[in-house]
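Reading through the structure tokens given below for one structure.
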Amino acid sequence: MMEFQRIILVHYHEIGLKGRNRSVFEKRLQKNLESLLSGFPVVTIHRISGRILVFLREGTTLEVANECTDAILGVPGVARVSCGFKCKQEMDAMGRAACIALAEAEPFESFKVSARRNHTTFPIDSMQLNRDIGAMLCEAFPAKRVQMKDPDVTVGVEVVEGSTYVYARSERGVGGLPVGSSGTVVGLLSSGIDSPVALWRMARRGAVCVGVHFSGRPQTSDASEFLVDDIARVLQRTGCIARVYVVPFGDYQREISIACPPGLRVILYRRLMFRVAEELARRERAGALVTGESLGQVASQTLDNIRATDAAVEMPVFRPLIGSDKLEIIGAAQQLGTFEISSQDAPDCCTLFMPRNPETHAKLADVETAEEAFPWREWVTALADAAEAHDYACPAYRPPRARVS
Ligand code: ATP
Ligand code: MG
């Protein structure tokens, strides 16, 4: 049996700045963690002086503690995660806990101790703690050297009221705000590289994300829908996505491609997609739409075309990637874990009925005239009604009440 209880300390910076809202944010983060960590051997999750403290069950192995730490690192609102032990406020106990923590950090060559006291009456100050615990570690690890600047391992010692937390593993989290602290957004989610990153960025700022995917079905297979489901499962790991609506769009695209000038097709598809997304957003009581567009990346992402699509909806449209280069977005997708999925080929609605020369500078008047060739108002309702909802685990999400038709 291990002498000390394994704990994980979750630090959050930004929440600390939020003045009166602070406790709301802290509670939100705590609830999100409670739910996301339900598969781990967690005893309780407490809030203590500016930290969230995860107590792991007795007998939890280092491997499982590390997995749990990895799971927390990607959760929005988490600035830093430290994995170690709780011990008594006694020098001997702290030294022994520090030895175990440091031994678990192998392989390493150099280390230092970094102690802090959090409003406590503990008589030894942090400089002295650094020296005393450092001396105990030097004795236990004679082959290792102490190094103040950029050591391989920093042993953290946090003395708070009543107890002490000691750890050697400490890593930066994704930061941001806890999901559920910034309302709900509806994101247009293709199976491509960009839109999952865009949605994740909004989740990191605390928004509950609901996706809408336009499938080419029945004109194409449902392959893109499976990829979108895989993407949603990645976002689900950190509680970032609540639901994905899948809209069978193929027949409508076909109608538009028959009725309208080829150069304007893409914009007309997109205006219809935006309107359907907006209708679903209203039903979800969401406040904004999100896309993965980046300025100039493809024909539909010129300034003129962005204006022409935005004009179709009233809600604000957020484009978190508007100023990002493709390589940056790819890097973000790799970190997020969606890149491999998004790199697989699947015909979605956008590859269907693509014109050879899409208009890059659409004029709104021309677009609106072309649009009168089909009954788009009825289509928006029909498509929103036909949308199939797939639910994912998002602790902060409350689904809208079922609609009576
Ligand atoms: P992505 O990598 O996200 O697919 P993209 O580079 O392929 O983006 P476009 O196809 O022009 O760019 O799409 C721009 C944005 O429009 C996407 O980021 C996404 O938000 C939305 N979008 C495109 N296709 C679909 C779709 N089939 N379903 C839902 N949203 C879509
Ligand atoms: Mg795409």
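Sequence positions, counted from 1, serve as the residue numbers for this chain. We count ligands from 1, going down the list as the structure has it; atoms in each ligand are counted the same way.
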Legend entry - Heavy-atom nearest option to atom 16 (O) of ligand 1, drawn from Arg319, Lys326, Arg270, His213: Arg270
Legend entry - Partner residues of Lys112 under the side chain to side chain donor-acceptor pair (under 3.5 Å) criterion, sequence neighbours left out: none
Legend entry - For Thr291, the ligand 1 atoms whose distance to one of its heavy atoms is below 4.0 Å: 20 (O)
Legend entry - Test item: Gln236 side-chain N/O and Ala393 main-chain N/O as donor-acceptor pair under 3.5 Å: yes
Legend entry - Ligand-side contact atoms (ligand 1) for residue partner Gln301, heavy atom cut-off under 4.0 Å: 9 (P), 11 (O), 12 (O), 13 (O), 14 (C)
Inset, instruction - Report, in ascending order of atom number, the atoms of ligand 1 lying under 4.0 Å from any heavy atom of Gly292. - result: 17 (C), 18 (O), 20 (O)
Inset, instruction - May I ask you to check whether Asp194 has an N/O atom sitting below 3.5 Å from an N/O atom of ligand 1? - result: yes
Inset, instruction - Give a yes or no on whether the backbone of Glu225 and the side-chain of Asp222 come within a donor-acceptor separation of less than 3.5 Å. - result: no
Legend entry - Side-chain donor or acceptor of Asp194 paired with backbone N/O of Leu321 under 3.5 Å: no
Legend entry - Residues that Tyr245 engages under ring-ring contact (aromatic ring centres under 6.0 Å, His included), provided they are two or more places apart: none
Inset, instruction - Indicate yes or no: does Lys144 engage Glu106 in a salt bridge with an N to O separation below 4.0 Å. - result: yes
Inset, instruction - Consider every N or O of Leu188 and every N or O of ligand 1, then say whether any pair is closer than 3.5 Å. - result: yes
Legend entry - Distance filter under 4.0 Å to Val212 heavy atoms, resulting ligand 1 atoms: 29 (C)
Inset, instruction - Flag Met273 as yes when one of its N or O atoms lies below 3.5 Å from any N or O atom of ligand 1, and as no otherwise. - result: no
